[in-house]
Amino acid sequence: MSELKLVVCHECDLICHEVTLDRGEAACCPRCRAKLCQHGSATLDQTLALACTTAILFFIMNTFPLMSLHLQQNTRETSLFGAALAMWDREMHLLCLLVVLTTIVAPALQIGIEIYILGHIKWGKDLKTTSWPLVVLRKLRPWSMVEVFMLGLLVSLVKLKDLADIIVGPAFWSCAALILVSAIMGSMLTPRNVWTWSHQRRSDATL
Ligand SMILES: [Zn+2]
């Protein structure tokens, strides 16, 4: 007898029967229309590769210059941490702490937890699914504001372009790529996918 699978809607807690989907199809909750699952979702290896990509992009964003300003024979490079330090030196302590928290600390923790979750499923010996990293990840995501920082950078670029020659650095492009890759990661690293990958790993281990 085939096993009857049930899915609980994450929005309204309605219990629904899981249906078989073809490529490109998605199943929605009949009561609140929230998307329950979608066929063709990412594999564990693809998501892990993307998580490693976000770590590399984050490293480049924090170690290389964001932009260089060339004004009257003087060239000055600015990195992300350097910009935060400059705010601290100008007595803007709260703003400095907010920039460090939302563009360095929160994204670093987020990427670290994402890699921990995926690495635990891929290589972990204890195959029990733990929920705390997913809970922490959900609470951290609103604090990661690299997009807002990028918007501020673009505004400053437009304002400064008439005053000085600006050369955009590798960290700028890494920041732009990180926003894109993080958005894709967010859609792949869902609680449902984590549960599916853990279940597959447990099934493979018991064979
Ligand atoms: Zn629902």
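Order of appearance sets the numbers: ligands from 1, and atoms from 1 within every ligand.
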Without swapping roles, check the side chain of [X] against the backbone of [Y] for a donor-acceptor pair under 3.5 Å.
{"X": "Asn193", "Y": "Leu189", "value": "no"}
{"X": "Arg76", "Y": "Leu69", "value": "no"}
{"X": "Ser156", "Y": "Leu153", "value": "yes"}
{"X": "Arg90", "Y": "Ala86", "value": "yes"}

Quiz item: Tell me the side chain to side chain donor-acceptor pair (under 3.5 Å) pairs involving residues 142-154, sequence neighbours left out?
Solution: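 Non-adjacent pairs meeting side chain to side chain donor-acceptor pair (under 3.5 Å): Gln110-Ser144.
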Quiz item: At distances under 2.8 Å, what protein N, O or S atoms surround the Zn ion (ligand 1)?
Solution: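 Protein N, O or S atoms closer than 2.8 Å to the Zn ion (ligand 1): Cys9 SG, Cys12 SG, Cys29 SG, Cys32 SG.
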Self-check item: Met188 CE to Gln46 CD distance, which is reported to the nearest 0.5 Å
Solution: 5.0 Å
